[in-house]
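Below you'll find the structure, written out as structure tokens, and then a few comments.
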Number of protein chains: 2
Amino acid sequence: MSDEIRITKKERDALIILGNHIDEEFPVRLVDLSDEMSLKPPTILNLLKRLEDKGYVEREKGMTVLTKSGVSRYREIVENHRILETLMVKNGMDLDRACVISENIDFLIDHESIDNIFEKIGKPSKCPHGRKIEQFHE
Amino acid sequence: MSDEIRITKKERDALIILGNHIDEEFPVRLVDLSDEMSLKPPTILNLLKRLEDKGYVEREKGMTVLTKSGVSRYREIVENHRILETLMVKNGMDLDRACVISENIDFLIDHESIDNIFEKIGKPSKCPHGRKIEQFHE
DNA sequence: CTGACATATTAGGTAAATACTAATAAGATT
DNA sequence: AATCTTATTAGTATTTACCTAATATGTCAG
């Protein structure tokens with residue numbers, strides 16, 4: 001519990017982009033990430049190598065894919081994000097602001113703790129953006 | 001609104017310690033901070049210089065004091081901490097865990113947003129630790 | 001007032017994260 | 001094969017966050 005590997009905001013952002021592309025036909029290339037993150041390819045490469053060291057991605061011939069553990073972590077962060085957003089909006093916060101704040105903290109909080117909150121607030125099926133919240137346990 | 005100067009976790013920790021000593025007879029020395037943070041004096045000095053650059057502390061003859069702006073920021077972080085803690089505990093989280101999590105995010109969220117939550121949850125006068133929550137506006 | 005001890009500061013070094021440019025290598029396309 | 005697009009390597013810079021060792025500045029006991 002709460003023994004998640006520490007990641008940085010940038011690593012989180014890359015993980016989210018990679019996860020969001022999971023169902024697409026083509027794997028994510030360096031240039032794609034470079035465009036989406038507005039960072040030069042060498043910077044992205046550096047970032048991906050760190051995610052590789054942490055066991056979250058695998059790279060082959062320029063293509064990058066999430067490992068099993070990367071997918072798990074991705075899902076946990078997305079769930080954290082949506083639950084936190086829900087909690088904040090339920091307590092009077094503006095949706096846009098809640099989203100930005102959530103982006104900055106969703107990867108810092110262990111999923112187990114957030115999951116407790118999820119149970120407590122009545123397992124809402126959707127976040128304020130209308131996206132599904134699927135409870136995730138590995 | 002939400003245009004607070006960015007600080008790091010370590011800067012936050014130092015700010016909190018300095019703020020907690022405000023009412024004491026003697027100002028905080030380098031060794032005191034060094035002891036409380038379990039870091040060597042040169043490391044602390046480095047940290048304090050950054051806080052000085054950000055306008056939060058002033059240093060004179062080895063003594064360090066919070067500036068007006070430093071006190072404001074200190075109070076905002078403390079309030080954020082207590083309100084977030086209250087919110088989390090109210091939603092099923094264990095107090096100790098809520099405290100640790102809050103420490104990691106209280107300095108990342110703008111006070112104005114947190115203040116909205118405070119109003120919404122009925123302006124509780126105490127945090128789960130039993131400490132006063134004083135609404136703070138500059 | 002002077003030596004000894006405590007404290008502060010400077011200097012210098014290391015490492016990780018976050019960026020960049022420029023150069024090279026490798027692939028793909030025409 | 002020549003070109004264009006990507007990927008990778010090499011090298012540089014900044015910020016944060018640490019350290020040790022050396023020096024300077026206080027302070028306090030005698």
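Letters A, B, ... mirror the listed sequences (proteins, then strands); counts begin at 1. Since the structure is predicted, the reported quantities are computational estimates derived from the model, not experimental observations.
Here the straight-line distance linking atom CD1 of B:I101 with atom CD1 of A:I114 works out to 6.0 Å at 0.5 Å rounding. A distance of 10.5 Å separates CG in A:N104 from CD1 in B:I105, rounded to the nearest 0.5 Å.
Heavy atoms only, all atoms of each residue included: A:L15 and A:Y74 are closest at O-CD1, 3.6 Å.
What separates CG of B:N46 from P of D:dT15 is a distance of 12 Å, to the nearest Å. Residue B:D13 contributes atom CG, which lies 10 Å from atom P of D:dC18 at whole-angstrom precision. Protein atom CZ of B:R6 is 13 Å distant from nucleotide atom C1' of D:dT16, rounded to whole Å. Across the protein-nucleic acid pair, A:D53 atom CG and C:dA15 atom C1' stand 14 Å apart, rounded to whole Å. In this structure, CG of B:D32 is placed 12 Å from C1' of C:dA8, rounded to the nearest angstrom. Atom-to-atom, CZ of A:R29 to C1' of C:dG27 comes out at 12 Å; the value is rounded to the nearest Å. Following rounding to the nearest Å, B:I44 (CD1) and D:dT16 (P) show an atom-to-atom distance of 15 Å. Going from atom NZ of B:K40 over to atom P of C:dT7 covers 13 Å, rounded to whole Å.
Heavy-atom nearest nucleotides on DNA chain C were determined for A:T43 and for A:K61, and the one closer to the 5' end corresponds to A:T43. Residues B:L47 and B:P42 both approach DNA chain D. Their nearest nucleotides, taken by heavy-atom distance, put B:L47 toward the 5′ side.
Neither OP1 nor OP2 of D:dT16 sits under 4.0 Å from any side-chain N or O of B:K9. The side chain of B:T8 places an N or O atom within less than 4.0 Å of a non-bridging phosphate oxygen (OP1 or OP2) of D:dA17. Checking the phosphate oxygens (OP1, OP2) of C:dA19, a side-chain nitrogen or oxygen of A:K10 falls inside 4.0 Å. Taking only side-chain nitrogens and oxygens, B:K49 comes nearer than 4.0 Å to OP1 or OP2 of C:dT10.
Salt bridge status for B:D53 with B:K49: absent, with no side-chain N to carboxylate O gap under 4.0 Å. A salt bridge links A:D32 with A:R29; the closest basic N to acidic carboxylate O contact falls under 4.0 Å.
Counting any heavy atom pair closer than 4.0 Å across all strands shown, B:R59 reaches sugar-phosphate atoms only and no base atom.
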